[in-house]
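Below is one structure, written out as structure tokens; comments come after it.
Read the numbers this way: they start at 1 and go in the same order the structure lists the ligands and their atoms.
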Amino acid sequence: MIEDLWLIGIGTGSPAHVTGEGMQALRDASTILLPQKGEGKDDLAQMRLRIIAASGTAAHIVPFDYPVRDPDLPYQARVGAWHDQIAGRWQAALSRAGSTGPVALLVWGDPSLYDSTIRIAERLAPSPKVRVVPGITAIQALTAAHAIPLNSVNGPVHITTGRRLRNHGWPEGADTVVVMLDGECSFRWLDPNGIYIWWGAFLGMPEQVLHRGLLSDVADSIFELRGGSRDNHGWIMDTYLLRKV
Ligand SMILES: C[S@@+](CC[C@H](N)C(=O)[O-])C[C@H]1O[C@@H](n2cnc3c(N)ncnc32)[C@H](O)[C@@H]1O
């Protein structure tokens, strides 16, 4: 049974992104649940281990494996079943380890943004007391790397996924659009006229790559840069901000 569950945002790839509060929470935790397999990116697992080591925590590290999603289920049911299974794996791993005291999980970026850990925690029974330690998001890492404000003066910001941009086009009435979870450079589906793009991959990591410009000028070069960077590294995570100019 988990009484206290701490979800610690760790930022987007630089150990220096972890806040003082995050480091202290790692030190105060009794147990750290560590995903072992299933992320498909060994260097991300190594990053988590480096952060844990840097914190100087004496917490008990309890590994767990991610389950595999059932491809036969429809999307919503598939995600729901997968979340149930992950919650079950946390509980099973902790009871095997006989853990007591606060349990910590390191969450990429910030737990509030395109991450399901909070939703998975809601499936635990009995419900633990959940504490969230904020982390630097990919959006913050992007705007900082380009030294730009997120919003235009008094303007709204629309955050979306590559799939939604492809399927629904430019969000109605939007001025600034941030796109995440995009494996396809979905900006190529837009009419590029009058749109500026600030793009970044591996934000916060030594491999960080940035590009910016009018979409009509740079769409092809970002597509090529992304493909080359992904081939060199084996995987890629990128985020971009589009603004009407
Ligand atoms: C599952 S979401 C996790 C977001 C995370 N919780 C956050 O606060 O940024 C993964 C997406 O975040 C973005 N992302 C995460 N880390 C990134 C990085 N180091 N560089 C660029 N984009 C990143 C990418 O758009 C990626 O597809």
Side-chain angles (χ1 to χ4, degrees), residues 6-19 21-22 25 33 35 38-48 50-51 66 69 75 78-79 82-83 86 104-121 130-148 150 157-167 171 176-189 197-212 222-223 225-242:
W6 297 350
L7 309 181
I8 304 173
I10 57 167
T12 64
S14 165
H17 281 183
V18 186
T19 63
E21 184 187 357
L33 267 174
E39 284 190 313
K41 297 165 186 143
D42 281 350
D43 31 0
L44 299 193
Q46 291 305 320
M47 243 282 291
R48 284 195 166 83
R50 278 205 302 279
I51 290 170
Y66 272 108
R69 289 179 225 218
Y75 181 75
R78 182 165 69 221
V79 173
W82 191 60
H83 288 173
I86 295 173
L105 267 156
L106 284 69
V107 180
W108 197 254
D110 181 80
S112 68
L113 183 65
Y114 285 124
D115 187 278
S116 291
T117 315
I118 295 176
R119 276 181 281 271
I120 297 167
V130 176
R131 169 187 175 199
V132 175
V133 178
I136 289 177
T137 66
I139 301 176
Q140 290 168 298
L142 177 77
T143 53
H146 282 290
I148 55 164
L150 174 60
V157 175
H158 189 107
I159 302 171
T160 191
T161 63
R163 179 189 296 272
R164 294 189 76 88
L165 194 70
R166 280 197 308 282
N167 292 345
T176 297
V177 179
V178 177
V179 184
M180 301 176 71
L181 293 161
D182 185 5
E184 314 227 1
C185 290
S186 304
F187 49 78
R188 294 176 298 146
W189 273 255
I197 181 169
W198 290 264
W199 176 86
F202 309 113
L203 293 159
M205 306 182 189
E207 302 82 0
Q208 177 171 292
V209 212
L210 302 173
H211 204 4
R212 65 198 283 172
I222 292 177
F223 179 68
L225 183 58
R226 187 184 190 280
S229 306
R230 185 200 49 220
D231 293 347
N232 282 341
H233 196 74
W235 57 269
I236 193 164
M237 277 199 283
D238 62 329
T239 299
Y240 51 91
L241 187 149
L242 303 165

So side chain to side chain donor-acceptor pair (under 3.5 Å) across residues 203-212, not counting sequence neighbours, yields His211-Ser221
Contact set, ligand 1, heavy-atom distance under 4.0 Å, ordered by chain/number, equals Thr12, Trp108, Gly109, Asp110, Leu113, Tyr114, Thr137, Ala138, Met180, Leu181, Gly200, Phe202, Leu203, Met205, Met237, Asp238, Thr239
Applied to residues 132-147, the salt bridge (charged side-chain N to carboxylate O under 4.0 Å, His left out) test, sequence neighbours excluded, yields none
*Decide if atom OH of Tyr114 counts as having more than 12 heavy atoms of other residues, nucleotides or ligands within a radius under 6.0 Å.*
yes
Open item on the list: Angle between ring planes, Phe202 versus Trp235, binned at 30° and 60°: parallel, tilted or perpendicular?
Closed with: perpendicular
By side-chain hydrogen bond (donor to acceptor under 3.5 Å, both in side chains), Thr176 pairs with (sequence neighbours left out) Arg243
Check your understanding: Could you walk me through whether Ile118 and Val130 pass the side chain to side chain contact (heavy atoms under 4.5 Å, CB included) check?
Key -> CA-CA 8 Å; Ile118 295 176; Val130 176; 5.5 Å; no
